[in-house]
Asks: 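Pasting a structure below so you can have a look.
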Protein chains: 2
Amino acid sequence: MIILSKLADYGVIIATHLAENPDRQVTAVALAAETRLPQATVAKVLKALSHGGVVIAARGASGGYKLARRAQAISVAEVVSAIDGAIGVTECTVHTPSCERTDFCPTRPHWQRINRAVGAALQSVTLADMVMPAFSFPHASETAAERIAP
Amino acid sequence: MIILSKLADYGVIIATHLAENPDRQVTAVALAAETRLPQATVAKVLKALSHGGVVIAARGASGGYKLARRAQAISVAEVVSAIDGAIGVTECTVHTPSCERTDFCPTRPHWQRINRAVGAALQSVTLADMVMPAFSFPHASETAAERIAP
DNA sequence: CTCAATTCGGACCGGGTTAGTACCGATTAG
DNA sequence: CTAATCGGTACTAACCCGGTCCGAATTGAG
Ligand code: FES
Ligand code: FES
């Protein structure tokens, strides 16, 4: 299964590209060309990102987009949330109070725990991290979240 | 955004319910009744689980399903994989070698890192954990995955 | 000052995947 | 043999994704 929607994936790619040369006003079409993504879709994603406060848009001629904050201050979680809405593992964990199985279903709190874990994983990575080249990461075995809880 | 598909969610609910009374042969319709899930869908999910080796099915009269192993030995990741296929965050991380942006897109290794983190989060929780009542968890701040990497 | 060019903003639509259903054949206990 | 139950496939409906369209705002030239 794929976790992120294509749109959200595009969003991260675009935001990362913006983070590569900050403070530069880039138009949607230029971004599309530079990332080799379909132009119309890039425009759509940028709208969502603008709506979510990740980028700020300048309209009119010589307009364009740029990051709303420093790259270090924008997490991947924020980007995907701006596009796909709140992050949740199950239906149950997001539309909080409306599950008919709540009384006899023991999974709820455990899901919320997992939910927090993936949320934290997405939140701990910023756009500044994303632009960094593949770097000597710690051993894969220490990727945290393996010990999600004692 | 919702990460798990509805079917996968159902799968975990069903598997958890099976884990509650192990070694008991339960038919699909009984499971559907006890979990208040649509009966036809439960049957479908059980087929997938059986195919994935999570449950074993007994055919014929007085047949039914039960867990293939002890609940401690079955992870949530396994259950969702049986239904939704391999877990991957982005298109790019699962269909490994076929991305036209590979050469100039710096996000790839970072995604794989996040990917491992959520995979680990799902793998670290077993069905035995799921049936345990909401228990005094450690402080939410220590949910690991917050330190996905130094 | 006016106007045209440029760019973002929001609404709309079609295709594809997923959820859910239904049926029929295979298998086994009694 | 018969009833019950799983296994597989085919089918329909709904929804979401991805893409396209036209209108609003702003700029810069004439
Ligand atoms: S599915 Fe809603 S409480 Fe378990
Ligand atoms: S999207 Fe495939 S390498 Fe970045």
Side-chain angles (χ1 to χ4, degrees), chain A residues 1-14 18 24-33 35-68 80 82-86 88 90-92 94-95, chain B residues 1-14 18 24-33 35-68 80 82-85 88 90-91 94-95:
Chain A
M1 71 169 312
I2 310 291
I3 291 187
L4 264 61
S5 76
K6 239 176 189 176
L7 274 291
D9 190 4
Y10 291 169
V12 177
I13 295 178
I14 293 168
L18 279 176
R24 169 180 158 228
Q25 199 84 322
V26 195
T27 79
V29 296
L31 263 168
T35 56
R36 317 275 177 89
L37 292 174
Q39 157 177 346
T41 306
V42 169
K44 184 178 194 171
V45 169
L46 281 168
K47 289 167 201 170
L49 290 180
S50 158
H51 215 79
V54 175
V55 303
I56 54 180
R59 313 224 281 193
S62 79
Y65 294 93
K66 65 179 182 184
L67 287 183
V80 315
I83 297 175
D84 275 356
T90 68
E91 199 93 25
C92 208
V94 295
H95 314 108
Chain B
M1 72 170 312
I2 311 291
I3 290 187
L4 262 62
S5 76
K6 241 177 190 174
L7 275 288
D9 191 3
Y10 292 170
V12 177
I13 295 178
I14 293 168
L18 278 176
R24 171 183 156 225
Q25 203 76 328
V26 194
T27 77
V29 295
L31 263 169
T35 56
R36 317 276 177 89
L37 292 174
Q39 156 177 346
T41 306
V42 168
K44 186 181 195 171
V45 169
L46 281 168
K47 288 167 199 170
L49 289 180
S50 159
H51 216 80
V54 175
V55 304
I56 55 180
R59 313 224 281 192
S62 80
Y65 294 92
K66 65 179 182 184
L67 289 183
V80 314
I83 296 174
D84 274 356
T90 68
E91 200 93 26
V94 294
H95 314 106

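Per chain, numbering begins at 1; letters A, B, ... match sequence-line order. These numbers come from a predicted model, not from an experiment.
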Asks: Taking CD from A:E91 and P from C:dT18, how many angstroms apart are they, rounded to a whole number?
Replies: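 To the nearest whole Å, that distance equals 16 Å.
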Asks: Send over the distance from B:L31 CG to D:dT5 C1', rounded to a whole Å.
Replies: 13 Å
Asks: Only one of A:V12, A:I14, A:I13, A:D9 forms a side-chain contact (heavy atoms from CB on, under 4.5 Å) with A:V45, so which one is it?
Replies: A:I14
Asks: Is any side-chain heavy atom of A:K66 closer than 4.5 Å to a side-chain heavy atom of A:I56?
Replies: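 Result yes, sub-4.5 Å side-chain heavy-atom pair found.
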Asks: At under 4.0 Å, does any side-chain N or O of B:S5 touch on OP1 or OP2 of C:dA19?
Replies: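 Yes, within the criterion.
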Asks: Tell me whether B:T35 contacts the main-chain N or O of B:L31 through its side chain, where contact means a donor paired with an acceptor under 3.5 Å.
Replies: yes
Asks: Starting at atom CG of A:D9, determine the distance to atom P of D:dC16, rounded to an integer number of angstrom.
Replies: 20 Å
Asks: May I ask you to verify if any side-chain N or O of B:Y10 is less than 4.0 angstrom from the OP1 or OP2 atom of C:dG20?
Replies: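 Yes.
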Asks: Quick one: does B:L37's side chain get under 4.5 Å of B:T41's, heavy atoms only?
Replies: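 When only atoms from C-beta onward are counted, B:T41 and B:L37 do not touch, as no gap falls below 4.5 Å.
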Asks: Using a 4.0 Å cut-off on protein heavy atoms (strictly under), produce a 5'-to-3' string for nucleotides 3-17 of chain C with B for base contact, S for backbone-only sugar-phosphate contact, and - for none.
Replies: ---BBSBB-------
Asks: Figure out the CG/C1' separation between A:L7 and D:dC15, and round it to whole Å.
Replies: 15 Å
Asks: Taking CD1 from B:I3 and C1' from D:dC16, how many angstroms apart are they, rounded to a whole number?
Replies: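 Whole-Å distance recorded here is 17 Å.
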Asks: Is A:K6 near enough to D:dC16 that one of its side-chain N or O atoms lies under 4.0 angstrom from OP1 or OP2?
Replies: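 For D:dC16, OP1/OP2 do not have a side-chain N/O of A:K6 under 4.0 Å.
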Asks: With side chains defined as the heavy atoms from C-beta onward, is the minimum distance between A:Y65 and A:L46 less than 4.5 Å?
Replies: yes
Asks: Between P on C:dG20 and CD on B:Q39, what's the gap in Å once rounded to a whole number?
Replies: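 These atoms are roughly 14 Å apart.
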Asks: D:dC6 P sits how many Å from B:I14 CD1, rounded?
Replies: 12 Å
Asks: List in chain and number order the residues that pass salt bridge (Lys or Arg N to Asp or Glu O under 4.0 Å) with B:R59, two or more places apart in sequence or in another chain; answer none if no residue qualifies.
Replies: none
Asks: Rounded to the nearest angstrom, tell me the gap between atom CD in A:Q25 and atom P in D:dT27.
Replies: 11 Å
Asks: Would you say that B:I2 contacts A:T90 through its side chain, given a criterion of any heavy-atom pair below 4.5 Å between the two side chains?
Replies: no
